[in-house]
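One structure is given here, and the rest of the page talks about it.
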Amino acid sequence: MYAALGPPASAIRAFQEIPVPSRFTPEWTALISCHTRHALPSRAILFFRSMLRAGTSPDEVALIALLSASARLSDNCSGDAAHLLFLKLGLPFTAASCNAAMDMYVKCGRMDEARRLFEEMKDPTIVSWTIILTGVLQWEGLRSGSEMFDLMPYRNDIAWTVMISACIEVGLPRDALALLGEMLFDDVSMRSLNHVSMCSLLSACSQAGDLTVGRWLHNHFIKATTFHNNENYLLKVNTALIDMYGKCGRVDNALTLFERMPHRSIVSWNAMLSGLSMQGMGLQVLQLFSRMVTEGKQQPDDITIVSVLSACSRSGLVEQGRKFFQQLIPIHKITPKMEHFACMVDLLGRAGCLEEAESLIREMPFQPNEVVLGSLLASCAIHRKLELGRKLMKEMVQLYPNNTEYHVLLSNMFTVSRRHAEADDLRQLMKNRGIQKTPGMSSIEINGIVHWFTAGDKTHPQTREIYTMLSEMVQRLNLAGYTIDAACQNSRVPDNYLENGDEREEREQALLVHSERLALALGLISTKPGVPLRIVKNLRICSDCHSAMKLCASIFEREIIIRDRNRFHRFKAGLCSCSDFW
DNA sequence: CAGGCAAGGT
């Protein structure tokens, strides 16, 4: 059918040219499938409804398209409706339609329905198995997933990728690596990972900060390049590698790869820029940006602008950032969007130019969203501008009553300004509303095994040794002149803050067992002297731990590298690579 | 009809 050939716009045009009496099932089906294929599930569902309203009866293909559209949207209702229609029309439950229905139920989180369909199938295909495997992994955990994986009569590359990604997601890169090895040795036909697998595996490594698996993949990629020397594959995988090395703190490796690339897309440039930015290499970001425009002849996009501005912010390059922002329209022909204003507000706010940041917000051509306001509020907390902070808070509570993060910020702000009554009020409010903070977690990799810690964690098998090390740390920190009180002055959001009760002592105690300190302690007792320690944290490091880490780096003569939610901190000899710019 | 997408901020 001709409508299936073109993009949705021309499909609609073609469809409208068909006289109404001649619009039969195949015409409608082509229109619906076209929208599902082009990732426009909502429109596909709308067209399906129009088809029914027009009195045309759907066929199997149309129903599969509807199921797949519902799956994309996790839309239970239309999914169920499609399933019922199937039964009502007496259509045959082929593997394809059954799989589509199972996929829909899996994505809607209704594993009971999905399983029932699966068990009723006479001949489940590899696709059926993979759908169920994905669902079990997502909703029932890794253990049940592995059992399912073992039951599979055979596996293809997609099934392997699903299983491996699941391992990396829960922080078991060792298991992921083992599975990768198993897959590559078991089946010669899978000697080379396809680019989908490569990119998703590398992205998992970036997120987990998992350099071990990332390097392994790079190695494999080098060996496999002979099989896959097409340009698209190289471009995408190289870019994913640059991202991985950048996010795993090996910006030099990223640069080497970047310089060697024969062709670079805008995404490659952006990945490299953000890699440098995360290390606080703001000047290099500005240099690379001008190379991108001149030598690379690349027109920067929205994300490029965000990267450059946030790099200026992270490195405290206020003047350069201001200039860059002013040049957006005249030189780069880019009209700043909300997120660019947000970066600029962040940049000015952190640098202490709060009035300028506020007037920038008021001059914006749109209503400020919570990111922009929240960013300014965070700066108020750093610079302890209580009045402005309170004003912003009022505004935010009205606009976005359900946003919780900022309550915590303001409450901490009151605490550090010794306005405990107000802080307590706010904390009570949070308790009443059941507002909870994301728990802080840190991980450290030792000999290829990733250890996770929450604040005050006592579940690690080496807990006793870890806590012994922690008290040694405290003693030696005190000897070095470290006091919690001083560090607390500009405290950000400490872990576990809400659970701490009101006692100051308890608060101080809680700071001492922040997850990153537990990870550090384990690192110190499990590795040889002088070995650098790399920690990944899901939230931002608090200022108290930041000061402690600087001292620990010199006391224990270690390089400590912490990747927090925002950037890298490289602690060495009493200093941090972020120059205390957060 | 299966896996995910290379980039930013909170």
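Just so you know, these numbers use all the heavy atoms, side chains as well, and skip hydrogens, waters and symmetry mates. The sequence lines fix the lettering, A, B, ..., with proteins before strands; numbering per chain opens at 1.
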*Check the distance between B:dC1's C1' and A:Y105's OH and give it to me in whole angstrom.*
15 Å

Can you give me every donor-acceptor pair (side chain of residues 271-284 of chain A, partner residue at least two apart or in another chain, under 3.5 Å) with its distance?
unit_1, atom_1, unit_2, atom_2, d
A:S274, OG, A:A271, O, 3.3
A:S277, OG, A:R314, NH1, 2.6

*Electrostatic pair A:R116:A:E120 at N-O distance under 4.0 angstrom*: yes

*Output, in order, the C-alpha distance, side-chain angles, deciding distance and verdict of salt bridge (charged side-chain N to carboxylate O under 4.0 Å, His left out) for A:D80 and A:R110.*
CA-CA 11 Å; A:D80 265 334; A:R110 290 169 60 184; 2.8 Å; yes

Tell me which donor-acceptor pairs under 3.5 Å the side chains of residues 146-153 of chain A have, and how far apart each pair is, sequence neighbours excluded?
unit_1, atom_1, unit_2, atom_2, d
A:S146, OG, A:L142, O, 2.8

*Can you check each nucleotide of nucleotides 2-9 of chain B against protein heavy atoms at under 4.0 Å and return B for base, S for sugar-phosphate only, - for none, in 5' to 3' order?*
BBB-BBBB

*When you check the side-chain N and O atoms of A:N538 and A:R565, is any donor under 3.5 Å from an acceptor?*
no

